[in-house]
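Here the structure is a predicted model, which means the values were calculated and not measured. The sequence lines fix the lettering, A, B, ..., with proteins before strands; numbering per chain opens at 1.
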There are 2 protein chains.
Amino acid sequence: MSLPAPSSRRGRKFDQVLDGARQVFMTQGFEAASVDEIARAAGVSKATLYSYFPDKAQLFVAVVRNECNRQAETAVADIPRDAAPEQVLEQVARHIVGFVLSDFAQAVFRVCMSESERFPELARAFYDSGPRLGHDRISEYLTEAVAAGKLHIDDIPLAADQFAELCKTQLWMRAVFGIQTKFSRPEVDRVIRGAVDTFLARYGA
Amino acid sequence: MSLPAPSSRRGRKFDQVLDGARQVFMTQGFEAASVDEIARAAGVSKATLYSYFPDKAQLFVAVVRNECNRQAETAVADIPRDAAPEQVLEQVARHIVGFVLSDFAQAVFRVCMSESERFPELARAFYDSGPRLGHDRISEYLTEAVAAGKLHIDDIPLAADQFAELCKTQLWMRAVFGIQTKFSRPEVDRVIRGAVDTFLARYGA
DNA sequence: GGGACAATAGACCTGTTAGTTCAGTTTCGG
DNA sequence: CCGAAACTGAACTAACAGGTCTATTGTCCC
């Protein structure tokens, strides 16, 4: 009769469940993932699974929320404020590209987007913990750089997003569609160089 | 005993099936869509449906292929070659934004991407009929403009994609996640102006 | 050690799915 | 207006889904 406290008692099995669910949901999406498969992947029985989560939907939400948090942590990298804009931007670009092309970020993106109808709050969570976070970080830096006279930008929020967008050129689209999954260093460098050069052509001092 | 010729005899019912399947698949995705619902939406019995398509998967493929072709047609808009780059680019940008934000393109994108694991050939079809087609058109124009001395571009394929990417700034991401679905004219204008200005700052004569 | 109880596995239940079949009805060319 | 082909609608199967139940195991406190 008595359920174990659903969210307080988080033992070994709890993590196993979340982990198995992550594996399955992130590759299959919500509908296509079966609870049996999740239980199997987690090395746990269905009853155990259902003792921690009331239903499949809430397990899904928990998994994605978890991934979004991980994502937020990954995305937080400090920007060295003092270097020349060209160097700073290159570093930021490299970080963005690396993140955006990672299997992890792509899986989360894919799942959030395709289930954004069914679970709108997850799309929001993804956006806040990924794109929006990045946007805010870049905006902060740009604001400082403008104040220091290193850059000239009228519309900082727009510029920040433009830069992020430029970094994805040719890479992201191909990656999400599985048209090209691995990119060589020269390929990436070409895009990054292009992004920085174009950005600075417009906003450079 | 005798099946109707599966692909030659394409009567009224055939189109009804494809149409009903389009409605359901484009909103629900592959897994979540049930064949009964498709038949209902098509105003057709399941037996009829299965007389045209051997199974759900191939019906899905047919629908998406169809949508990709429609997409290709929509995307093909002639570029007025003679105007000044600023005007041409603005027009192209407006076209890109309009297309990218359309319910139609978003539905196709969403479905292709979330099923790209199960149906890799559809992801490819989408890419070829959308992003790649646009890329080729823009590249053509840029090549001419460079030859005419109106623009200075070293890496045309990269520049074409950069421009397309700049056009999506702030708009596309929010749209696919359902964070913002309608955009006012000023909002769009701001992005387009930003895209053209940034592009010309780098590549303008 | 022993009893109480949470944790667990796996069979089980109910509903739904894709896909098939078929007897009867509609449609339509000749 | 006839006959054949297209079509319907409902019943059917086999598989599988999410979720529950019961019987068993492991573990902690006295």
Side-chain angles (χ1 to χ4, degrees), chain A residues 1-64 111 114-115 117-119, chain B residues 1-64 111 114-115 117-119:
Chain A
M1 269 308 139
S2 57
L3 291 173
S7 36
S8 60
R9 172 84 184 89
R10 304 194 158 190
R12 210 178 64 260
K13 297 279 176 179
F14 181 91
D15 294 331
Q16 282 185 33
V17 171
L18 218 57
D19 220 59
R22 181 172 55 77
Q23 290 173 38
V24 180
F25 277 137
M26 286 296 130
T27 56
Q28 316 253 39
F30 178 73
E31 274 286 338
S34 87
V35 177
D36 287 271
E37 191 178 343
I38 291 172
R40 206 181 318 127
V44 142
S45 80
K46 273 211 288 186
T48 303
L49 186 156
Y50 275 101
S51 79
Y52 287 114
F53 297 93
D55 57 27
K56 187 187 178 185
Q58 295 203 37
L59 173 56
F60 180 72
V61 170
V63 166
V64 179
V111 167
S114 59
E115 306 305 340
E117 204 82 4
R118 214 185 316 254
F119 304 97
Chain B
M1 268 310 136
S2 59
L3 291 173
S7 36
S8 59
R9 172 84 184 89
R10 303 194 158 193
R12 209 178 66 259
K13 297 281 174 179
F14 181 91
D15 293 332
Q16 281 185 33
V17 171
L18 218 57
D19 219 60
R22 180 174 56 75
Q23 290 174 37
V24 179
F25 277 137
M26 286 296 133
T27 56
Q28 316 253 42
F30 178 73
E31 275 286 337
S34 90
V35 176
D36 286 273
E37 190 178 345
I38 291 172
R40 205 181 318 126
V44 141
S45 78
K46 264 211 295 184
T48 303
L49 187 156
Y50 275 103
S51 79
Y52 287 116
F53 298 94
D55 58 27
K56 187 187 178 185
Q58 295 202 37
L59 173 56
F60 180 72
V61 170
V63 166
V64 180
V111 167
S114 61
E115 306 302 340
E117 205 82 3
R118 215 187 315 254
F119 304 96

Working for side-chain contact (heavy atoms from CB on, under 4.5 Å), residues A/Val17 and A/Leu59: CA-CA 9 Å; A/Val17 171; A/Leu59 173 56; 4.1 Å; yes
Think [X] has a side-chain N or O under 4.0 angstrom from the OP1 or OP2 of [N]?
{"X": "B/Thr48", "N": "D/dA6", "answer": "no"}
{"X": "B/Tyr52", "N": "D/dA6", "answer": "no"}
{"X": "B/Ser45", "N": "D/dT8", "answer": "yes"}

Residues that A/Thr27 engages under side-chain contact (heavy atoms from CB on, under 4.5 Å), provided they are two or more places apart: none
Set of residues satisfying side-chain contact (heavy atoms from CB on, under 4.5 Å) with respect to A/Glu31, sequence neighbours excluded: A/Arg118, B/Glu31, B/Ala32
Non-neighbouring partners of B/Phe53 that pass ring-ring contact (aromatic ring centres under 6.0 Å, His included), sequence neighbours left out: B/Phe14
Report the distance from atom [atom1] of [X] to atom [atom2] of [N], rounded to the nearest whole Å.
{"X": "A/Gln28", "N": "D/dC16", "atom1": "CD", "atom2": "C1'", "answer": "14 Å"}
{"X": "B/Glu37", "N": "C/dT16", "atom1": "CD", "atom2": "P", "answer": "13 Å"}
{"X": "B/Gln58", "N": "C/dA18", "atom1": "CD", "atom2": "P", "answer": "15 Å"}
{"X": "A/Gln16", "N": "C/dT8", "atom1": "CD", "atom2": "C1'", "answer": "12 Å"}

Pairing residues for B/Gln23 by the side chain to side chain donor-acceptor pair (under 3.5 Å) criterion, not counting sequence neighbours: none
Plane angle bin for A/Phe30 and A/Phe119 - parallel if under 30°, tilted between 30 and 60°, otherwise perpendicular: perpendicular
Residue pairs involving residues 53-64 of chain B (criterion side chain to side chain donor-acceptor pair (under 3.5 Å); sequence neighbours excluded): none
Contact letters for nucleotides 17-24 of chain D, in which S counts primed atoms plus P, OP1 and OP2 and B counts the base, heavy atoms under 4.0 Å: SBBBB---
Using atom types as modelled, flag every donor-acceptor pair under 3.5 Å from a side chain in residues 38-47 of chain B to any protein atom, sequence neighbours excluded.
from, atom 1, to, atom 2, distance (Å)
B/Ser45, OG, B/Ala47, N, 3.4
B/Ser45, OG, B/Thr48, N, 3.3
B/Ser45, OG, B/Thr48, OG1, 3.1

Angle of first-five versus last-five pair axes in the helix from C/dG1-D/dC30 to C/dG30-D/dC1, to 10 degrees: 20°
